[in-house]
Every structure is written in structure tokens, then in C-alpha cells.
Amino acid sequence: MTREAAEFLGIEDPFFRVHEGIAGAETLIGNRTYVNFASYNYIGLNGHPMISDAAKAAIDCYGTTVSASRPVSGERPIHRELEQALARVHGCEDCVVLVGGHSTNVTVIGHLLDRNDLIVHDALIHNSIVQGATLSGARRVSFRHLDHQAAERLLGELRQRYTHALLVIEGHYSMDGDVPDLPSFIALARRHRAWLMVDEAHALGVLGSRGFGTADHFGVDPNDVDIWMGTLSKSLVSCGGYIAGRKDLIDYLKLAAPGFVFSVGMAPAAAAAAVAALELLKREPERVRRLNDRAGLFLQLAREGGLDVGGSIGASIVPVITGSSIRAGRLAQAMFQRGINVQPILYPAVPERAARLRFFLTAEHSETQVRDAVRILLEEYRRVASEPSDLAALARHLGNKWASLTGRSA
Ligand SMILES: Cc1ncc(COP(=O)(O)O)c(C=O)c1O
């Protein structure tokens, strides 16, 4: 129906666009170079020669797959090297890496809790956490985005009825670019004997003076968080997920989490790329500063222009809330026509009134690219906002389509 509506309104499908080279601050689509605000290549490492060379050397040494689960015969030195490097960055005792970020959340949450337990999470938490919670069979309740007092009320009301409780937040929210008050969440998890899990997918390489994530940003002791989760697909320009925490937790997951025990070990090239990316993150912290500067500039200019940027802190993600999916679709298309690639986020991914364009900044964007993008955004926003939409005609069209597909009237 979304596709049908877009076609009716003359909006091109913005999804599954083919990028013909390395997507960073710029990208090649249909043989045209666009300024790109749709990559997670936050600190500009994708295609870095040191990382590509490390991946190639790992292939030369171990081949393209380890072909078996690590307990059986898939263990390679590069796996432990990566896990120890991640544990050091997070200030934890140990770490385990798995083949996917999404599947890490599903298998770990799905396995650690069961129907006698309680999972309390932020209302805007990533889908992978919801899937893991559903798999676990635990009671799942959400609290208003970022609202630690609401989380406290839920735990206060429900905690004593369950054996274990897990409180899950993200360190830096992917849709809004805002951050939770981590010290308050730590304190309330303690008060209610809940495990605290923080998903660092968009925090590693982005938050904190060294880019080491949310603990670095707030200056808290990383060991006050029970479960640090992260992905390798964003700042670390690879593919996979991980859990960092106490050694007994990691040992347990390595022996018991089905997505680790019964799944192949990480491909050598993916592990080696992430090790090299971590090394560059440590060696070149100026990448994080540049990323934060560019995102801060984008946020400031968009705000000055009167755009609704929600609660973004301007670390790497800036949403521009249009309040309507049609407007978001039209605006993304107008930007694309003017040489800027940015994805619209439409209903049902977010509530209709929260439809938006979502800008991902990278350390490689130049100040000029940021200034030009916001200038064009303001021009196109005004134009699109004044364009009327014949919603009655659209509703009639969708009703007819529905009737032709189902043989029933809408
Ligand atoms: C918060 C969060 N957690 C987990 C994931 C899953 O990570 P991956 O895409 O590496 O599987 C994502 C992906 O975007 C995410 O935003």
C-alpha cells in the first residue's frame, strides 16, 4: 500500500537503491555522485587501506569462512583478538562476537530470560531487542522514550513478581540521535535488582571523547552496566554483533547461547576488519571529534532554519521531522534530485506524525557539504510544505486497489 501510494503521488521508491562504490560522505548511484547522508560509516573508515589490507590478509591466512561453529572447529586467533580489543574499549572483563548484530540481541535476550522473567525497555528500542524479548517468553513492557522515572515506576510495580528483570536501553538512539541519562538508569537498575543492558550500535565511535561509547560519554564505570551490546556494522565497518561484560556472563553465553553455539564463527575478513577499525579508532580520535563537529553544525543550522530536529544531541544522527509520510517521501525525492541522498522514515516504521528524514553524518563530510545540504533542505522543505496533497483522491485510489486485490471493498 505504501508503494502504491508513493506511485500515485509520483514519489520514486527510495529503498534498495544500488550504490556502485564505497558509500561514505559521497556515494555513486546510477553513475551520479551524491552527497550521502545514509551510511553508518560514522568515522569514515569504510575502504580505509589499513582495514581492507587486514581483511585481505585474513582471507589469505584463513580463507573466506571458518565453516563451523567456534566450539566445534571454527576458532581462529583473530576471533579472540577482536574480543579482547572490544573488551578493552568497553572496559569489561571479556567479550563474545557473533555473526550478526540483530541476531546477537535475539539470541542473547532470547536465551538469558524466560517466562518467569521481566523485560523493561525504552519504547523506541530497536526491533532486535523486541524480537529477543518475544523469543524469551518473558513479560515485556516498555516505558516512554528516555523516561527513567517511568522505567522506575514499572519496575517498582512489577519487579517482585518475576525471578529476573532486564532493563534495556540504547546508548544513542538510531531514530532520534538522543541519549539516555545513563547514571539514572544504572541507579534504578541497582535499586530494583535488574540487569542493565545497553545497546551501543550507534554509540561506539560516536560518543565520548575517545569514541568508546556511552560509558565514555558519561564518565561512568563500565562495570556498572551488566551487558554491553554492540554491532560491528557501523563505526567498525564490518559485520557482526558482540556482548561485552563480566567473564562469567561471556563464558556462559559461549557455552549456551544458541546463536553462538549452533552458528558459524565470524568470517575471518569481517573479524580482521573490525580489529583494524578499532585500532584506527584508538589511534585517530580526531575522527570522532570531526564527526561530532559536523553533526553539531548540521543540527545547529537546521534548528536555526526552524526545522524540527527532535531531541538529537548532534553527535552523528539528526532527524528532520516532517510530520507526514507523504511530506517525508517528497522531501527525500527532492533532495535526491538535487544530489543529496537521505532516507525518509515513514509510517509504520515510526508513528505517522513522527515521519522524518534521517541524516547520518560522517567524519568525512566537509563543512561545505553540511552547509549546502542544510541550505538545500530548507529550500526544498518550504517548497514541499506548501505543496497540497489530494488525500481524498489518494484514499479513493488505495480503496480501489485494495478492492481489486482482495475482492472486498475497503
Ligand atoms: C540499536 C541497534 N541495535 C542492533 C542493530 C542490528 O545491528 P546489525 O545491523 O549490525 O545487525 C541495529 C541496526 O541498525 C541497531 O540500530
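Residue numbers start at 1 and run along the sequence shown. Both counts, for ligands and for their atoms, begin at 1 and track the order of listing.
- Interface atoms of ligand 1 facing S233, defined by a heavy-atom separation under 4.0 Å, are 8 (P), 9 (O), 10 (O).
- Looking at ligand 1, you won't find any N or O of E170 less than 3.5 Å from one of its N or O atoms.
- Listed by atom number, the atoms of ligand 1 under 4.0 Å from A201 heavy atoms are 1 (C), 2 (C), 3 (N), 15 (C).
- Remark: R32 is positioned above the aromatic ring of Y34, its terminal NZ or CZ atom under 6.0 angstrom from the ring centre and at most 45 degrees off the axis.
- In terms of modelled atom types and a separation under 3.5 Å, the side chain of N341 and the main chain of N36 share no donor-acceptor contact.
- Closest to atom 12 (C) of ligand 1 among all protein heavy atoms lies H126 NE2, 3.3 Å.
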- prompt: Are L166 and I227 close enough, and set up right, to give a side chain to side chain contact (heavy atoms under 4.5 Å, CB included), and what steps lead you there?
  reply: CA-CA 10 Å; L166 178 71; I227 306 174; 4.1 Å; yes
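- Near K234, with a cut-off below 4.0 Å to any heavy atom, the atoms of ligand 1 are 7 (O), 8 (P), 9 (O), 10 (O), 12 (C), 13 (C), 14 (O).
- Assignment of G241 to the shell around ligand 1 is not supported, since no heavy atom sits closer than 4.0 Å.
- Within a 6.0 Å radius of CZ in R191, other residues, nucleotides and ligands contribute more than 12 heavy atoms.
- In this structure, H202 and Y42 have perpendicular ring planes: the angle between them is above 60°, well past the 30° mark.
- E4 and H397 are linked by a side-chain donor-acceptor pair at a separation below 3.5 angstrom, with hydrogens and angles left out of the test.
- The shortest N or O to N or O distance between G240 and ligand 1 is not under 3.5 Å.
- The protein non-hydrogen atom at the shortest distance from atom 16 (O) of ligand 1 is H202 NE2, 2.8 Å.
- Considering only non-hydrogen protein atoms, atom 3 (N) of ligand 1 sits nearest to D199 OD2, 2.7 Å.
- Every atom of ligand 1 is numbered from 1 in the order shown, and the set under 4.0 Å from a heavy atom of H102 is 6 (C), 7 (O), 8 (P), 11 (O).
- Judged purely by atom type and a 3.5 angstrom limit, R287 uses its side chain to pair as donor or acceptor with the backbone of I43.
- For atom 7 (O) of ligand 1, the closest heavy atom belonging to the protein is T231 CG2, 3.3 Å.
- Cation-pi geometry between R17 and F336 is satisfied (NZ or CZ under 6.0 Å from the ring centre, within 45° of the ring normal).
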